[in-house]
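This report concerns only the one structure given below.
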Amino acid sequence: MLKIADQTFNSRLLLGTGKYPSFEIQKEAVAVSGTEILTFAVRRMNIFEDSQPNFLEQLDLSKYKLLPNTAGAKTAEEAVRIARLAKASGLCDMIKVEVIGCNKSLLPDPVETLKASEMLLAEGFIVLPYTSDDVVLAKRLEELGVHAIMPGASPIGSGKGILNPMNLKFIIEQSSVPVIIDAGIGSPKDAAFAMELGADGVLLNTAVSGAKDPVKMAVAMKMAIEAGRLGYEAGRIDEKNYAVASSPLTGMVTS
Ligand SMILES: CC(=O)[C@@H](O)[C@H](O)COP(=O)(O)O
């Protein structure tokens, strides 16, 4: 079970809700993925525009925990304003802090992320910050009291997979709160690898919404995350730099 704050989930897959070819495909992909947590940008809620379609209306919200994110924020203050808006809508108590510091790489601003997390914790939010794979920043966030750390595998939407497994492993090993690998996952192999490293979960969007067949990819991601977790729990063999015969060498017929 994945436990975030006082809430438990059977699925370790957190799914983003952007850029699906249609609401119908999104609905089906979400259903087959087995996810219980959906993330979305608060700015897409169309709270003030009744005439615009609201993707949330397309889903049976009783089945999912909503994890709004502060995408679009460039400062801690903006992130806090967006989070308050999400809370006021009555949809959630959790917030994914996303404060982008670079338009080209879409990497998070570490200083503003730390500041926003501190402010949101003080307001009673369940805070899940999206961070880079910086080991020290992850520690500082944990010390603040955040409820999960969400380091990126690689830049959002890049599909590059896990660029720095060593850093992610350090973050996972030092962390006493859940670590959810977020962003940059390109294929089921990346998701399985994240779980094999010991991550508590994976958050992904583009790999499913941008796949040729998003519904099939959603199933593949579900299976990959389950397989990766099982592999982690089973404990993989140590790698060796030489061959070791897999059959016993004693009692052979030939001399
Ligand atoms: C909005 C959000 O939370 C996602 O964009 C997330 O960061 C996933 O990134 P990928 O699209 O690379 O999976």
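We number each residue from 1, following the sequence as shown. One-based numbering, in listed order, for ligands and for the atoms of each. Worth saying up front: this structure is predicted, and the values here are computed from it rather than measured.
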Between ligand 1 and Gly184, can you find any atom pair, the residue atom being a heavy atom, that is separated by under 4.0 Å? yes
Mind checking whether Ala207 has an N or O less than 3.5 Å away from an N or O of ligand 1? no
Looking at atom 7 (O) of ligand 1, what's its closest protein heavy atom, distance included? Asp182 OD1, 3.1 Å
Taking 4.0 angstrom as the limit, do Arg84 and Glu123 come out as a salt bridge? yes
Is any side-chain N of the basic residue among Lys65 and Asp93 closer than 4.0 Å to the acidic one's carboxylate O? yes
Could you list which atoms of ligand 1 come closer than 4.0 Å to a heavy atom of Ile156? 5 (O), 7 (O), 9 (O), 12 (O)
Tell me the nearest of Ala191, Gly157, Ala153 to atom 12 (O) of ligand 1, using heavy-atom distances. Gly157
Is a side-chain donor-acceptor pair under 3.5 Å present for Asp109 with Thr113? no
Checking side-chain polar atoms at under 3.5 Å, does Gln174 have a donor or acceptor matched by the opposite partner on Lys139? no
For atom 13 (O) of ligand 1, the protein heavy atom that lies nearest, with its residue and separation: Asn205 N, 2.9 Å
Could you see which bit of Thr206 sits under 4.0 Å from ligand 1, with heavy atoms only: side chain, backbone, both or neither? both
Quick test: of every protein heavy atom, which one is nearest to atom 9 (O) of ligand 1, and how far off is it to 0.1 Å? Ala183 CA, 3.4 Å
closest protein heavy atom to atom 1 (C) of ligand 1 is Asn69 ND2, 3.3 Å
Enumerated ligand 1 atoms positioned under 4.0 Å from heavy atoms of Leu203: 6 (C), 8 (C)
Ionic contact status for Lys160 with Asp190, cut-off 4.0 Å: no
Evaluate whether atom CZ of Phe170 has more than 12 neighbouring non-hydrogen atoms of other residues, nucleotides or ligands under 6.0 angstrom away. no
Note: heavy atom closest to atom 4 (C) of ligand 1, options Lys96, Lys19, Met150, belongs to Lys96
Between Glu226 and Arg12, is there a side-chain N and carboxylate O pair less than 4.0 Å apart? no
Can you confirm whether more than 12 heavy atoms, excluding those of Glu36, are under 6.0 Å from its CD atom? yes
For ligand 1, which is the ligand I care about here, please tell me if Ser158 has any N or O atom under 3.5 Å from one of the ligand's N or O atoms. no
